[in-house]
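My questions all concern the structure below.
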Amino acid sequence: MGANTSQVTDLSENTSLKALVGTETISENDPFWNQLISFTFISPTNSGDSKLLEEAVIPLAKTLIQNNPRTGNFGALVRVFLGRTKELKISTECQDQLFIWQAHNALFMIRCLVKVFIREMSEEELQQQFSFQERAPGSCGEAGSEDLLEELLLNLVHLIVEVPLLDITYSILFEAVTTLLIFFSYQLFHKDILRDGLIYQHIMKGRCLELTSRLVKTLLYNFIRQEKCPPPTAHIFEPKAEGGLLYGLASGVASGLWSVFTLGGAGNSAGIDQDNNLLPLSNQSLLLLLVLANLTDGPDWPNPFRQAITCFRNTQDTSSLPVEPPHTFQINFNSLYTALCEQQRSDQATLLLYTLLHQNTNMRTYILSRTDMDNLVLPILEILYHVEDRNSHHVYMALIILLILTEDDAFNRSIHEVVLKNISWYTERSLTEISLGSLLILVVIRTIQFNMTRTRDKYLHTNCLAALANMSAQFRSLHQYAAQRIISLFALLSKKHNKVLEQATQSLRGRQGDNVALPDYAQDLNVIEEVIRMMLEIINSCLCNSLHHNPNLVYALLYKRELFEQFRSHPSFQDIMQNLDTVIGFFSQRLEQAGSDLSVERVQEVIMKGAQALPKDRLKKFPELKFKYVEEDQPEDFFIPYVWSLVFNSGVGLYWNPHGIELFSMDSG
């Protein structure tokens, strides 16, 4: 960094950088700046080199923090960059790579310095670093009214929304998005959720406000386009032979694009999808969008970015609204849906899908109207199937998405009409042909069983069972294996219930009047009985509403009928057991009448005929099972720490104070 610098080790001794952070004021009109930002810098290619870059910048930035109040050199650097941003659009149209390169280098330097500033000082002190105004020696006049910090933020937003995404602009657009992310990173140094501040006010109330919808739309399109980082040859241009400074743009253009995800504390984490290494702008744009969407409302203003995400519409929607919501815009829903389907391997894409399903009714209606829902649901199911390899927060999001989808009856019917063949990632059993609905049931039940043996998280249990309950009335043609797994889960719960009941009985017998604290078996028993009750309601809902469509479930129920005997007289289950007893008794009698030593095929034939003959009024009606996702059910302040955990673990190179906001572990399992 700095004129002709090519290695990290050169930074501390670089003459230009020493002058920048030194004690002498450098006018923004000085030729020095043109030389400073005309550097060639080989980008780090691994986390070790990236860390070296971070460490090399820190002492320079700290020196600048001490001297800048007297020199104003940082403000001059910002003004040099701002001067070039005014011509960026024209430079892009004219393919002026030299101009774009210099603007990029200036922004890269600002980003590296601001990163340290934010770690070292408060927002008020940061504002002072931007507020220097050159004065005559000995004068005590107040600084001018220009707000350089707001001007920089405004120009970054303008740059993102106005400069087209091309090979020659990819790097500077990436830097602009990353720099905005870093300005918001004060949250990493505060344990409590930030609800106000200078940066917040500039972005949500100031001159940036009118660009809200354009910024959200551009970030979404960056995610949709999934543009890969251009190869190094796309950045390189030949030095001019007619003399003057020789400029060369090295591989990666100093921004660290090829290793951006190895910066910061995360390193080469196994949890990071390696495909994202090739999509830094797309990934970074999505992270910035999630940060903006999850900013808290101010004391007297709503979050405009959340408003924009809540109300944007499809480009094909030509209807007019009586009153246009604030910050609304239109975007191609088909392109957005396709990108969401393709990118569900990453936490951030899953979180975006959740945000749109939960908050944007236009997008939710569109998604639920799709006839290719398997393209979206299968990646979600794959996340849950590989629960051991995913962090718990990604699993939560996937489950909540399923819960929101299963609130819709049309979805619950349609998934049983989609037939899948040879699901390669489902390895427990060969599934040559299965409906999407049956596969969904299998994966959710597997998640419940994993939770029972590993995490024992009640919240996860609740969401899994709620999704199954929502679907139960529309169960159709359940796969034999899916029906077996429903009954197997009930068998596992029954076994666990008996074990806890036995432990509770033994502990009461062994107490003998002493005051030794005993495990709270009563509470454990209540939890298990709640889950058993829910499973019985799910089975009952299917039998009452679609018994004739599910002979395999009746078969599995009859095969394991002894499991249910102990619950007939249990006060918590007597009512719900009436229907199961009716079904078991009815079909058992028909099988006895059909004779002994019946083949599987003959049993299934008897069940199918019996299902048509069973009078519906024989089964007692219960209220429809319907569970709705409510965001307030989430743990308090779940989303903001989650988003910043994603930002930090993506490797942007952000610092984090261990006394700051509590970040979530992105480790699997």
Inset, instruction - Kindly determine whether L198 and L126 satisfy side chain to side chain contact (heavy atoms under 4.5 Å, CB included), including the steps that lead there. - result: CA-CA 10 Å; L198 289 171; L126 177 68; over 6 Å; no

Legend entry - Note: R119-E125 ion pair, threshold 4.0 Å (strictly below):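 A salt bridge is absent here (no side-chain N lies under 4.0 Å from a carboxylate O).
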
Inset, instruction - Measure across H327 and S213 and return the closest heavy-atom pair with its distance rounded to 0.1 Å. - result: O-CB, 3.3 Å

Inset, instruction - Give me the one residue out of L646, V647, L353, V643 that meets side chain to side chain contact (heavy atoms under 4.5 Å, CB included) with Q348. - result: L646

Legend entry - Distance in Å, T310 OG1 paired with N303 CG, rounded so as to fall on 0.5 Å steps: 9.0 Å

Legend entry - Min side-chain heavy-atom separation I415-M471 under 4.5 Å: yes

Legend entry - Candidate pair R313 and E324, rule salt bridge (Lys or Arg N to Asp or Glu O under 4.0 Å), full reasoning: CA-CA 11 Å; R313 298 191 294 158; E324 284 286 335; 3.7 Å; yes

Legend entry - I193 vs Q187 side-chain heavy atoms within contact, under 4.5 Å: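 Heavy-atom side-chain distance check passes, below 4.5 Å.
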
Legend entry - K626/D409 salt bridge by N-O under 4.0 Å criterion: yes

Legend entry - Any donor-acceptor N/O pair, Q226 side chain to S282 backbone, under 3.5 Å: no

Legend entry - Side chains of R370 and Y366, donor plus acceptor under 3.5 Å: yes

Inset, instruction - Name the orientation class of the two ring planes belonging to F183 and F130 (parallel below 30°, tilted from 30 to 60°, perpendicular beyond 60°). - result: tilted

Inset, instruction - Measure the spacing between CG of L292 and CG of L181 and express it to the nearest 0.5 Å. - result: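 It comes to 8.0 Å.
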
Inset, instruction - Determine whether the side chains of Q330 and T315 contain a donor N or O and an acceptor N or O closer than 3.5 Å. - result: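 No, no side-chain donor-acceptor contact under 3.5 Å.
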
Inset, instruction - Please check if any side-chain donor atom of T427 sits under 3.5 Å from a side-chain acceptor atom of Y385, or the reverse. - result: yes

Legend entry - Residues which pass salt bridge (charged side-chain N to carboxylate O under 4.0 Å, His left out) with D196, listed by chain and number, not counting sequence neighbours: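 Partners of D196 under the salt bridge (charged side-chain N to carboxylate O under 4.0 Å, His left out) test: none.
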
Inset, instruction - Check each of I160, L159, T85 against I172 using the side chain to side chain contact (heavy atoms under 4.5 Å, CB included) test, and report the only one that passes. - result: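 It is L159, the one option of I160, L159, T85 that forms the side chain to side chain contact (heavy atoms under 4.5 Å, CB included) with I172.
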
Legend entry - Distance-only polar pair, side chains of S335 and T338, donor-acceptor under 3.5 Å: no

Legend entry - Distance flag, aromatic centroids of Y642 and Y396, threshold under 6.0 Å: no

Legend entry - CD1 on I224 to OG on S285, rounded to 0.5 Å: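 Going from the OG atom of S285 to the CD1 atom of I224 covers 11.0 Å.
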
Inset, instruction - Mark yes or no for whether N314, through its side chain, and D317, through its backbone, hold a donor-acceptor pair below 3.5 Å. - result: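 Side chain of N314 to backbone of D317, a donor-acceptor pair under 3.5 Å: no, none is there.
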
Legend entry - Donor-acceptor contact present, side-chain N412 to main-chain T406, <3.5 Å: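 Yes, because the side chain of N412 sits within donor-acceptor range (under 3.5 Å) of the backbone of T406.
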
Legend entry - Aromatic ring pairing F184/Y200, orientation class (parallel under 30°, perpendicular over 60°, tilted between):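 Rings of F184 and Y200: tilted, as their planes differ by 30° to 60°.
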
Inset, instruction - In plain terms, say whether D347 and R390 are close enough for a salt bridge, that is, a side-chain N and a carboxylate O under 4.0 Å apart. - result: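 Not counted as a salt bridge, because no side-chain N and carboxylate O are separated by less than 4.0 Å.
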
Inset, instruction - Would you indicate whether the side-chain heavy atoms of M109 and C112 approach each other to under 4.5 Å? - result: no

Inset, instruction - Answer yes or no: is there a donor N or O on one side and an acceptor on the other, between the side chain of Y170 and the main chain of E227, under 3.5 Å? - result: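 Checked: pair present.
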
Inset, instruction - With the side chain counted from C-beta on, respond yes when T92 and P164 share a heavy-atom pair under 4.5 Å apart, and no when they do not. - result: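 T92 vs P164: side chains touch.
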
Inset, instruction - Go through the steps to decide whether E428 and R446 satisfy the test salt bridge (Lys or Arg N to Asp or Glu O under 4.0 Å), and finish with yes or no. - result: CA-CA 10 Å; E428 289 182 6; R446 185 179 185 275; 2.4 Å; yes

Inset, instruction - Compare all side-chain heavy atoms of I423 with those of L381 and state whether any distance is below 4.5 angstrom. - result: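 No - every pair of side-chain heavy atoms lies 4.5 Å or more apart.
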
Legend entry - Basic-acidic side-chain contact under 4.0 Å: E151, R207: yes

Legend entry - Q359 CD to I309 CD1 distance, which is reported to the nearest 0.5 Å: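 It comes to 7.0 Å.
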
Legend entry - Criterion side chain to side chain contact (heavy atoms under 4.5 Å, CB included) against C341, the qualifying member of I380, L378, L376, V377: L376

Legend entry - Student check: side-chain heavy atoms of L173 and V177 closer than 4.5 Å: no

